[in-house]
Protein chains: 2
Amino acid sequence: MNRVRVLLADDHAILRSGLRLLLEREPDMAVAGEATDGREAVDWMAREGADVVVMDVGMPGLNGIEATGQIVRRYPQAGVVMLSMHSDETYVLRCLRAGARGYVLKESAEHELIAAIRAVRAGKSFFSPKVTRLLQQEHVERIRCAGGEDSYDLLTEREREILQRIAEGSSNKEVAGRLCLSVHTVETHRKNILEKLNLHGPADLILYAVRKGIVV
Amino acid sequence: MNRVRVLLADDHAILRSGLRLLLEREPDMAVAGEATDGREAVDWMAREGADVVVMDVGMPGLNGIEATGQIVRRYPQAGVVMLSMHSDETYVLRCLRAGARGYVLKESAEHELIAAIRAVRAGKSFFSPKVTRLLQQEHVERIRCAGGEDSYDLLTEREREILQRIAEGSSNKEVAGRLCLSVHTVETHRKNILEKLNLHGPADLILYAVRKGIVV
DNA sequence: AAAAGAATACCCACAATCCGGTATCGATTC
DNA sequence: GAATCGATACCGGATTGTGGGTATTCTTTT
């Protein structure tokens, strides 16, 4: 029988061990090897090869996204399934651009990963439902601004300045006072920021700023 | 045979599935249940109980540290093994103060987790080597003793739980819905949190949570 | 010259949060 | 046995933010 040869790339040994057991239960799959970072994954592909790589996004050294780029470029017949904690648009898009054809969240049930491996092996794609929904929104977003890499790029200078002040804990009124603007103006900017970033409510706004590194 | 009854608490279903397979291979262990966040873990302990809880540090809702505190306080005979990505001293110490007797890194080999579960079950402690080295450093010792006075300590369990959910971006209404409370109750808690921490407005609240490491 | 984008400012209805309260109930503490 | 604390729930008025608009001005691009 021709089993899918899978390479597991993740810096957490415990997760790798668990995944190995999960995959070995499937009659059509075999774990060909393990890698603890992106560099090792690329090296393994050069040495031994594999049909599908299950790749963690966040790894020390060469991260999963860059490793995916290198692997897909050199071995286009190999498929890559990203395994990620985040359903963040930035991550997902960067992974897709790097050439991954699968994106499975760690919060998903195991059958999603199994399905993703089979799909990618067959030249198809597979995304966790949550990611699919995100991609649909992103598609809408993309129409508005062709080639928009990052939603943050959509913001104008003024909007970024105001976002930062809001993220530092200022109310609209305070921002208006410090920038010598009408509260109405700040409200308008804030409204536009929320819309461009597809956020809702002040909490979302602050969390976005934190995750973007705009404030700590 | 008296198997150790283990509760798995982690928000990543794939990891839980893997851990289950890993532990079920051991003749003296059985996975009694799974929880996807701290609240579920506490509930499970109240309903079904377990000998050892394998607890992820970073979980949505009630996080692993808070959940450990509650579980250890209510069921002192139960042992908790923290399973974490970080060997950060802050995390380790907070977990220990909360009452965890084991701390295993996800980058460790599986036998460490197995050993930790057995040790904790026997009333002993177990730490990943990397963590042990960290704990031996004396300057860390000072942090443990000196510290104290933290406004966060003023909050009650319930208030911390609600703070975390707010900090994750939920509105009062959403929090109330998920915890089956009246919106009024959540508003009261929120009010008390703001007063105790001397904060004003949602932005302050989120920023406080971020700086405290309650959310990423 | 026309179109597009950015910054400014305003309006309104609605939702959410804040800040005073009060109040009940159970557990713990003194 | 009384007092305190934590969790629960409610009220009302004030403030703030949301989401739907519209509009003017200036600059840049086409």
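A, B, ... follow the sequence lines: proteins, then strands. Residue 1 opens every chain.
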B/Arg190 has an atom CZ; how far is it from atom C1' of D/dG6, in whole Å? 20 Å
How many Å lie between CG on B/Leu179 and C1' on D/dA9, as a whole number? 15 Å
Ignoring hydrogens and geometry beyond distance, is a side-chain donor-acceptor pair present between B/Glu66 and B/Gln70 at under 3.5 Å? no
Answer yes or no: does a side-chain N or O of B/Ser171 lie under 4.0 Å from OP1 or OP2 of C/dA15? no
Between B/Gln70 (CD) and D/dG6 (P), how many Å, whole number? 14 Å
Any donor-acceptor pair under 3.5 Å joining the side chain of A/Lys191 to the base of D/dG17? no
Tell me whether the side-chain N/O atoms of B/Asn172 come closer than 4.0 Å to OP1 or OP2 in C/dT17. yes
From the candidates C/dA9, D/dA7, D/dT18, the one with an atom nearest any side-chain atom of A/His184 is C/dA9
Rounded to the nearest Å, what distance is computed from the CG atom of residue A/Leu199 to the P atom of nucleotide D/dG17? 15 Å
Closest to the B/Glu187 side chain, choosing from C/dC10, C/dT17, D/dT8: C/dT17
Would you classify A/His200 as touching base, sugar-phosphate or nothing, given that sugar-phosphate means primed atoms plus P, OP1 and OP2, and contacts are heavy atoms under 4.0 Å? sugar-phosphate
Whether over 12 other heavy atoms sit under 6.0 Å from A/Arg160 CZ: yes
Is the shortest side-chain N to carboxylate O distance from B/Lys106 to B/Asp56 below 4.0 Å? yes
Given D/dT18, D/dT16, C/dT17, the nucleotide with the shortest approach to the side chain of B/Pro202: C/dT17
Lys/Arg N to Asp/Glu carboxylate O, A/Glu110 vs A/Arg25, below 4.0 Å: yes
Winner on side-chain proximity to A/Leu194, out of C/dC11, D/dT8, D/dT18, is D/dT18
Presence of donor-acceptor pair under 3.5 Å, side chain of A/Thr188 and base of C/dC10: yes
Length of the CG-P vector between A/Asn192 and D/dG21, whole Å: 13 Å
B/Glu157 side-chain proximity, nearest of D/dA7, D/dT18, C/dT17: D/dA7
NZ/NE/NH1/NH2 to OD/OE distance under 4.0 Å, B/Asp28 and B/Arg118: yes
Does A/Lys173 place a side-chain N or O at less than 4.0 Å from the phosphate oxygens OP1/OP2 of D/dT15? no
Interatomic distance where CD belongs to B/Glu159 and C1' belongs to D/dT8 [whole Å]: 12 Å
Below 4.0 angstrom from OP1 or OP2 of C/dA9, is there any side-chain N or O of A/Thr185? yes
